[in-house]
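Worth saying up front: this structure is predicted, and the values here are computed from it rather than measured. A note on names: the letters A, B, ... follow the listed sequences, proteins ahead of strands, and every chain is numbered from 1.
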There are 2 protein chains.
Amino acid sequence: MLTERQLLILKAIIDDYVCHAEPVGSRSVSKREDMNFSPATIRNEMADLEELGFLEKPHSSAGRIPSQKGYRYFVDHMLSPTMLTKNEVADIRLMYEEQFVEFEKLIQQSAKILSSLTSYTSIVLGPELFESTLKQIQLVPISKDSAVAIIVTDTGHVENQTVTVPGGFDVREIEKIVNILNDKLQGVPLIHLRHKLSTEIRKVLSKYVDQYDQTMEMLNQMFRQSHNEKVFYAGKTNILTQPEFNDVNRVRDLFNIFEEDQLISKHFRSEQHGMKIKIGEENEFAPFDDCSIITATYSIDGKHLGTVGVLGPTRMEYQRVVGVLDFFSKDLTKVLTKRYQNNN
Amino acid sequence: MLTERQLLILKAIIDDYVCHAEPVGSRSVSKREDMNFSPATIRNEMADLEELGFLEKPHSSAGRIPSQKGYRYFVDHMLSPTMLTKNEVADIRLMYEEQFVEFEKLIQQSAKILSSLTSYTSIVLGPELFESTLKQIQLVPISKDSAVAIIVTDTGHVENQTVTVPGGFDVREIEKIVNILNDKLQGVPLIHLRHKLSTEIRKVLSKYVDQYDQTMEMLNQMFRQSHNEKVFYAGKTNILTQPEFNDVNRVRDLFNIFEEDQLISKHFRSEQHGMKIKIGEENEFAPFDDCSIITATYSIDGKHLGTVGVLGPTRMEYQRVVGVLDFFSKDLTKVLTKRYQNNN
DNA sequence: TTTAGCACTCGGTCCAAGTGAGTGCTAACA
DNA sequence: TGTTAGCACTCACTTGGACCGAGTGCTAAA
């Protein structure tokens, strides 16, 4: 519904504003190479674009800035993602080089690379464990009445949890229980562990184990932990170089949210595969009103695992970030799949 | 060397400045309850205190503010730590209630409590592993050529590391190796693991294991990890409410340091037991120039473990923070010792 | 339909005057 | 001799007016 020329002008204004963070006047638009109209003509078009809601004016004698709707239109209809350079691809590949670095470290590294490639803040959600299945359980006695329960998943993720060991249990007894657990629970999705425990395991244990009640108590402790996905940040301070965050109060509001991993994780988690772009107030939290968030998902062998995301000002280099995230998420998926597809 | 009256005035000025963050004038000092001198007299004393280096003037017609030396004198000679209220002690105790929460969670909680008690930023260093000893090693196969190595310490700390498994190893072979490791390495301080590996273990393995070279390669991967202590922060944004951090550039400099756990850990780590106060430029890093850092240590059974610390502006409530940290670190030590003293 | 011209708007900067909190110094007082 | 009242002085901060300039909207001509 926009004319060719309007598109051209809208794009020019967004380009300029993204780069300089200052209202763009008709004169400076007219000076662009590909722009063959006088400032007056452009002023007319700008007035129209403003009426349509794609631009706004900070005050009557200033230039125009893109509105949220303007960015949205740009993203939906005019976005051509920037390709990565060879060097950038090489930088990413370098990360995978240390071949058997732990999963968590890899994810953490991912966050660092994303923030350095985009110069925004990156937020990466660790594997969502509810799709992972149990590989093995271990119980290591620590003191006379406590032990560390260790749960390993098929993706190599390790969780541990201190539990109280009922008095009078000896090593053999514990071994027996652990064997039963491993026998019955291997391959069970973590999210079903508690349910299995209170049904099947319950029955088996009541047959073979002496101190049934205390044992169940211990196992409940073991699986009590809610398997929260971890949140990794990198380049948190990048956002502070943006002029829209010159006000410390805003910074505080934003960083307060960063301290709530739970909130962030909920907000970033993406159910369906693929890229998602949330602009300004499309985000749930008020401190994100001047921010845009772009997320993509990564998976192993088609199994949805987690989310990689970049947070920047609404005045963000969308093409660049979309380009980076698209490449990166797919590449990460490829690497992870290759590494973990041979399960069992 | 300071007169009674000078002490009184110095303390009054520090009190006032800590509270209001603005230069303190002679008039407002003279109005305090316990102050029976006219502004003129106080002005004379203030001039003397300035000459001695305990006070400074932002400009000629402003009141005085305490200098770094002033704070130092106050801390060294006039500090009477505030006791915690019953409610505050109760809050702390509440934290220990969930009795067998993991060690790491406990430490993380500690950071939260400290920051909420002081309204400053708290930084807590997790256990310094070099004093921990090995409790048990586990090796869990994940895919056909990789496994997760899990290391449990006597303090219930768990580390894990993905390793490449030499082709052709079967479960029994791995079990044998793990058994040898556990047999030879139990009780060995983590810091000596690598050394032991390249001496004793080497010999034993060459006798009992088939694919010696590949096995050594795997074990090297296993112990490659440098056992860095983790750093936990809480209330990072508290510092942003302080007027000295109204400037975003300062905030950025400070938060940049927060992103470098390594640096922080080095700077906060305390070799000897007890409380340490670093005021302003006594800190190593320029972004801390307007900050003071107070740290205390916690231990298990006399064995030095880690550090709890609070970071605030130089204009900090020293008495309060020292009171809180003193109580907290001792209490934490007590609880941890009680929980883990029964090792074997 | 496009453009040149022109009056107008309005935030930002500069400057001068005024304000007030605070100081240092001096002289008088107890 | 130590303390205090008084007074001139300093200086950051606020206020308001003048000015500047980037940018606009409108109108009329090309």
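You'll find that the side chain of A:T41 is closest to C:dT2, out of D:dT10, C:dT2, D:dT4. Comparing atom distances between the A:M46 side chain and each of C:dG24, D:dT24, C:dC10 picks out D:dT24 as nearest. Minimum atom distance to the side chain of B:S60 is reached by D:dT10, of the listed C:dT23, D:dT24, D:dT10. Considering only side-chain atoms of A:R5, the nucleotide from C:dT2, D:dT3, D:dA5 that sits closest is C:dT2. For A:A47, counting side-chain heavy atoms from C-beta on, the closest listed nucleotide (D:dG25, C:dT3, C:dT2) is D:dG25. Closest to the side chain of B:S38, out of C:dC10, D:dA5, D:dC11, is D:dA5. Checking D:dG25, D:dT3, C:dC10 against every side-chain atom of A:E50, the shortest atom distance belongs to D:dG25. Of the listed nucleotides (C:dT3, D:dT10, D:dC7), D:dC7 has the atom at the smallest distance from the side chain of B:R43. Among the nucleotides D:dG23, C:dT3, D:dT3, the one closest to the side chain of A:N44 is C:dT3.
Here C:dT3 presents its P atom at 12 Å from CE of A:M35, a figure rounded to the nearest Å. Taking atom NE2 of B:H59 as the reference point, atom C1' of C:dG24 lies 15 Å away to the nearest angstrom. When the P atom of D:dA22 is taken as reference, atom NZ of A:K31 falls 10 Å away, rounded to whole Å. Atom CG in A:D16 sits roughly 10 Å away from atom P in D:dG23 (whole-Å rounding). Rounded to whole Å, atom C1' of C:dT23 lies 16 Å from atom CD1 of B:I65. Put simply, CD on B:E56 is 15 Å from P on C:dT23, counting in whole angstrom units. Between A:K57 atom NZ and D:dT24 atom P there is a gap of 8 Å when expressed in whole angstrom units. In this structure, A:E51 places its CD atom 10 Å from P of D:dG25, rounding to the nearest Å.
By the 30° and 60° cut-offs, the orientation of the rings of B:F288 relative to B:F268 is perpendicular.
Aromatic ring centroids of B:F255 and B:F258 lie under 6.0 Å apart.
Exactly one of A:L117, A:L114, A:N87, A:V324 qualifies for a side-chain contact (heavy atoms from CB on, under 4.5 Å) with A:I92. That residue is A:L117.
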* Start with the C-alpha gap between B:Y71 and B:T314, add the side-chain angles, then the distance that decides, and say whether side-chain hydrogen bond (donor to acceptor under 3.5 Å, both in side chains) holds. => CA-CA 8 Å; B:Y71 288 122; B:T314 33; 4.9 Å; no
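Within 4.0 Å (heavy atoms only), B:A62 reaches sugar-phosphate atoms of the nucleic acid but no base atom.
Nearest heavy-atom pair across A:I279 and A:N283 is C-ND2, 4.2 Å.
Between the side chain of B:S61 and the base of D:dT10 there is at least one donor-acceptor pair of N/O atoms closer than 3.5 Å.
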